[in-house]
Amino acid sequence: MKNRYLLLLKMQLYNLFGINRILHPHSQKEKRRSMAFGGIATLIIGLLFVYSTIISISFASMGAANILPTISALICSFITLILTFLKSSGVLVELRYYDMVMSLPVKNSEVVLSRLTIVYLTNLLISITVVLPSVIIFGINAETGIWGNIMFLLSILFLPIIPMIISLGLGVLTFAISFRSKYKNILSLVLSTLIVLLIVAASTKAQSMNKDQILNIGILFSNMANKLYPPAALISKAVDQQNWLYFLAFVGMSVLISIVFIGIVAHFYQKMNTAAFNHSVTRYEGKTLHVSSPLKAMYKREFDRYFSCTIYALNSTIGMVLLLVVALLLLFISPEALEQQSGIVGLSQMLRQVLPLVIAVFVTMTSTASASLSLEGKNRWIMCSVPVRAIDIFNSKIAVNLTVIFPFVLISAVLLGFKMGISLIQAVLLCVVPTVYACFISVLGMYMNVKFPKYDWRSEYYAVKGGAISVLATTGIGMLSSLVPLFACIAFQNISSLIMAATSILLLTFSFTLYRQLQGYQLYEVGGKKSTG
């Protein structure tokens, strides 16, 4: 069993960290892209380490180093719980290459254990990043003996296990309840959005808090964790009292829960995956067939695709969600109060002048079209074979992006316009400018994806993010197109309306030019080249 487990683990490690792409790239471009992605991941981990260090130093400087074991365990568990849940749907159920893996002479328990090990190693990296700075700061500032510090250090190895098992269990349970639903990923999308909003709200609140408030919150969470989350209480007692029995109880609890979970999942493993792959063909209901136009049919298909991929929907919706949050927050803060708190003279009048471009900045963060063609992946032959013009397919993808943008923009524009007390001209610009930017970013995203498609992805992540040129180019050009006139309007407020009008005309002209280019492309040509007849 050991050798088979290690072989499965080795194979998944190569895929997880992109080692195969680096060692055996199809091209130097792919190798550079993989290395760049690794560099970005390293930078993010480094930033997390720095933030964790700052938080630990803050508590230690306020004389609260003794709560670091509980706080770090709580933060590590929370991050592990959330991140594992967001990717839980593809870990044990509906995973890729299921048929290939199950054709090998391996047991279900070996497959499940190898999959859990991969998730554990990923979460262990998070645990080290979050907890290690606390261990170091705790060792320097606390008066606990050497054995307490050693137990705190060793706890890093076991902290991710219980929250990881809880998240995977919830993921499997969610699948069991909703696997027959066509919109089963909406729950993950809603949760992801709420997490982002929670982070934004927490960051905003933390900036206005003093040291005493931060200390009180830290102590409050520490006491709550010790009462409600037994692993954190065991770690805290083990370190504080240098008691190995508490530490071994924590380790034993983690290992026991893992063994029970592996046994249960291994028993139902094949049944779960068989249900995942077969439910779509076993539930056929005879209904009246309706005929619709090619554009309408492709639009429905594209809209279903949008909600079927959580990372796609979240990545392309977060700008609109943040816009709505800002609009709702400003309902409770007057422009004058905002000006007084910031200390910037004339801020309220400036916001009224540039409000259309502020909304435009959020609009340029939203482009479902920039990855919609790439997400077809191996199924792109369907687009190439259906009796539908290529421009109709492009129009359906553009229409989905506009469908995502317009409701958020409409609600936010009404709320912000009402709160700011804008003039008639400003109200017209508030309607026109975001609409122009919505059309521009939709057409631009579609054009970029036609020019730079990425069909050879192994995970949808690489089509939506992962260095996809079309997504990066669309986001970069879109942000520049909104930020440059925004700064120009701030610098020249007397002619801000003229600047926005000229920018709108320029973007409309550019969008029309790109759209005419799209009309000349055919999908059966490699890389989206123009048809030669």
Side-chain angles (χ1 to χ4, degrees), residues 48-49 51-84 113 116-117 119-169 214-263:
L48 284 175
F49 188 88
Y51 282 127
S52 179
T53 302
I54 293 173
I55 292 173
S56 300
I57 291 176
S58 299
F59 280 116
S61 64
M62 292 183 286
N66 61 305
I67 69 172
L68 285 179
T70 306
I71 291 296
S72 59
L74 187 64
I75 295 175
C76 176
S77 299
F78 179 76
I79 295 175
T80 301
L81 188 74
I82 298 301
L83 293 183
T84 305
L113 182 59
L116 289 182
T117 304
V119 181
Y120 167 75
L121 291 176
T122 305
N123 290 322
L124 179 61
L125 185 60
I126 297 173
S127 179
I128 294 172
T129 304
V130 173
V131 182
L132 186 58
S134 297
V135 173
I136 296 173
I137 302 302
F138 180 82
I140 295 174
N141 293 275
E143 299 179 356
T144 305
I146 184 64
W147 294 115
N149 293 327
I150 291 176
M151 283 185 276
F152 193 9
L153 179 63
L154 291 177
S155 68
I156 294 176
L157 300 174
F158 301 95
L159 280 173
I161 295 178
I162 293 178
M164 179 187 79
I165 296 299
I166 293 174
S167 283
L168 291 176
I214 295 175
L215 177 61
N216 291 334
I217 290 177
I219 295 174
L220 175 63
F221 276 110
S222 176
N223 293 334
M224 289 177 59
N226 286 330
K227 292 179 179 178
L228 302 177
Y229 188 55
L234 290 173
I235 286 295
S236 179
K237 291 180 180 179
V239 174
D240 184 55
Q241 301 177 21
Q242 301 188 67
N243 191 320
W244 282 98
L245 289 178
Y246 284 122
F247 182 78
L248 292 177
F250 165 68
V251 173
M253 180 188 299
S254 303
V255 173
L256 180 62
I257 291 175
S258 301
I259 292 174
V260 173
F261 182 76
I262 292 172

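Predicted model, so just to flag it, every value in this text is computed and none were measured.
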task = Answer yes or no: is there a side-chain heavy-atom contact under 4.5 Å between Leu157 and Tyr120?
result = yes
OH of Tyr246 to CG of Asp240, rounded to nearest 0.5 Å, is 10.5 Å
Q) Do the side chains of Leu132 and Leu153 get nearer than 4.5 Å, heavy atoms only? A) yes
Heavy atoms of Ser56 and Pro133 approach each other most closely as OG-C, 4.1 Å
CG (Asn149) and CD (Gln242) are apart, to the nearest 0.5 Å, by 8.0 Å
Partner of Ile126 under side chain to side chain contact (heavy atoms under 4.5 Å, CB included), picked from Leu124, Ile128, Thr129, Val130, is Val130
Say whether, by atom type as modelled, one donor and one acceptor occur between the side chain of Ser127 and the main chain of Asn123 under 3.5 angstrom. no
For the backbone of Val131 and the side chain of Ser72, can you confirm whether one donor and one acceptor N or O come within less than 3.5 Å of each other?
no
To the nearest 0.5 Å, atom CD1 of Ile137 lies from atom CG of Leu68 at 8.0 Å
Show me, pair by pair, the donor-acceptor contacts under 3.5 angstrom made by side chains of residues 247-262, not counting sequence neighbours?
unit_1	atom_1	unit_2	atom_2	d
Ser254	OG	Phe250	O	3.0
Ser258	OG	Ser254	O	2.9

Between the CD1 atom in Ile166 and the CD1 atom in Ile161, the distance rounded to the nearest 0.5 Å is 12.0 Å
Correct closest heavy-atom pair for Pro160 and Thr80 would be O-CG2, 3.7 Å
- Taking the side chain from Ser155 and the backbone from Phe152, do they hold a donor-acceptor pair closer than 3.5 Å? yes
Smallest heavy-atom separation, Pro163 atom then Ser77 atom, equals CB-O, 3.5 Å
